[in-house]
Engineer: 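First the structure, then my questions, so here it is.
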Amino acid sequence: MTSGSAQFPAARPRRLRSTPALRRLVASTRLCPAELVLPLFVKEGIPEPAPVASMPGVAQHTVDSLRKEAAGAVAAGVGGLMLFGIPAAKDGNGSGASAEGGVVQRALRALRGDLGDDTVLMADLCLCEYTDHGHCGLLTDAGDVDNDATLRRYADVAVAQADAGAHVVAPSGMMDGQVAAIRAGLDVHGHAGVPILAYSAKYASAFYGPFRDAAEGAPRFGDRAGYQQDFARSGSEALREVRLDLAEGADAVMVKPALPYLDVLRQVADAVDVPVAAYQVSGEYAMVEAAAARGWVDRRRAVVETLTAIRRAGADVVLTYWASEVAGWLS
Ligand code: PBG
């Protein structure tokens, strides 16, 4: 007789959850510091690091404070650093982005000197922090972003960053053809060995809000919806962007933001055989920090849960402002 089966279920998924040791044994997704990348901001011409109000715990650094922060991250086991620069002066061409003495180039030289090859130094490659209008590319007289003129600038920026010691360049401007232009520029300037991590599937997102305070790169007019992806489109558009970037020579691809786009992340991870990164962006960070500050969520549990979910969805590498702190928890 099987009449007892309703009372005593044979299948009991709970059996494997009964002790922390059992749960740890069967966990299929684990976090490890080496796959975390810490984004860092360095600002020209400030005497002291300046806290970013909308991102508690994050600051705009001087080159000196950046060096300390970077050394701490590497000591904690963080796998890489992503650098963003804020120049003292902006102009229509975003000249500071490619200047040999530009703030990111100076920071890269300092960090490469301190850290050598002990970490992976990545440089975000875009113009929005450097242009006076705040768009990610050059403008036409009519005020539109000029895709093809921007490509030449991106190639110059890539070469300047690689010359300064970047191990990886990471174009985030969402111009069509940017990976091919950057690859060509790097190759003819002796940097054929520098990989490109392409922000391939990057959405026009409200979750970049706090970052625009941190990087001071908000557009002065209009928005980025003409070049960043529309979140209402299906994931197949993300796959198209990823395929184009790979055909142009991208060595690794990124999905950004992370948590609202786990479906896209999974599709991309299933479709490609290169490393996939996901960027847990400023607004994702700020939401958890704000709720935790009010006691509405348990901060540490929420951080670990979001990062684990991003890894579970298929990210090999995760960019997160919590990288150093989480690395400390994991060791
Ligand atoms: C620059 C860039 C942005 C972010 C990374 N690179 C802002 C934007 O596109 O408006 C956002 C990162 C974050 O919100 O943490 N193109």
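Indexing begins at 1, ligand by ligand and atom by atom, following the structure's order.
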Engineer: Under a plain distance cut-off of 3.5 Å, with no hydrogens placed, do Asp124 and Tyr199 share a side-chain donor-acceptor pair?
Structural biologist: yes

Engineer: Which of the numbered atoms in ligand 1 are under 4.0 angstrom from any heavy atom belonging to Asp124?
Structural biologist: 6 (N)

Engineer: For the pair Glu44 (side chain) and Ala88 (backbone), establish whether a donor and an acceptor sit closer than 3.5 Å, ignoring hydrogens and angles.
Structural biologist: yes

Engineer: Provide, to 0.1 Å, the distance between atom 1 (C) of ligand 1 and the closest protein heavy atom, together with that atom's residue and name.
Structural biologist: Cys128 SG, 3.4 Å

Engineer: Do Glu289 and Ser54 come within less than 4.5 Å of each other through their side chains, counting heavy atoms only?
Structural biologist: no

Engineer: Check ligand 1 against Tyr321 and write out every atom of the ligand that is under 4.0 Å from a heavy-atom position of the residue.
Structural biologist: 12 (C), 13 (C), 15 (O)

Engineer: Which atoms of ligand 1 sit under 4.0 Å from any heavy atom of Cys126?
Structural biologist: 16 (N)

Engineer: Could you walk me through whether Leu83 and Leu111 pass side-chain contact (heavy atoms from CB on, under 4.5 Å), step by step?
Structural biologist: CA-CA 10 Å; Leu83 250 61; Leu111 294 184; 3.8 Å; yes

Engineer: Is there a polar contact, in the sense of an N or O pair closer than 3.5 Å, between Arg212 and ligand 1?
Structural biologist: yes

Engineer: Under 3.5 Å, is there a donor-acceptor pair between the Thr306 and Gln280 side chains?
Structural biologist: yes

Engineer: Verify whether one side chain among Ser200 and Asp245 offers a donor that lies under 3.5 Å from an acceptor in the other.
Structural biologist: yes

Engineer: Could you tell me if any non-hydrogen atom of Gln228 lies under 4.0 Å from any atom of ligand 1?
Structural biologist: yes

Engineer: Among protein heavy atoms, which sits nearest to atom 12 (C) of ligand 1, and what does the distance come to when rounded to 0.1 Å?
Structural biologist: Phe211 CD1, 3.2 Å

Engineer: CG/Leu36 to CG/Leu31 distance, rounded to the nearest 0.5 angstrom?
Structural biologist: 7.0 Å

Engineer: Considering only heavy atoms of Arg224, which atoms of ligand 1 have at least one such atom less than 4.0 Å away?
Structural biologist: 8 (C), 9 (O), 10 (O)

Engineer: Aromatic contact between Phe211 and Phe41, with the criterion being ring centroids under 6.0 Å apart: yes or no?
Structural biologist: yes

Engineer: With backbone taken as N, CA, C and O and side chain as the heavy atoms from C-beta onward, which portion of Tyr285 lies under 4.0 Å from ligand 1: side chain, backbone, both, or neither?
Structural biologist: neither

Engineer: For the 3.5 Å polar cut-off, considering only N or O atoms, please tell me whether Lys256 and ligand 1 meet it.
Structural biologist: yes

Engineer: Under a 4.5 Å cut-off applied to non-hydrogen side-chain atoms, are Phe231 and Pro260 in contact?
Structural biologist: no

Engineer: Quick one: which ligand 1 atoms are inside 4.0 Å of a heavy atom on Tyr279?
Structural biologist: 12 (C), 15 (O)

Engineer: At what distance is the nearest protein heavy atom to atom 14 (O) of ligand 1, and which residue and atom is it?
Structural biologist: Ser282 OG, 2.7 Å

Engineer: Which residue and atom name correspond to the protein heavy atom nearest atom 2 (C) of ligand 1, and how close is it?
Structural biologist: Lys202 NZ, 3.3 Å

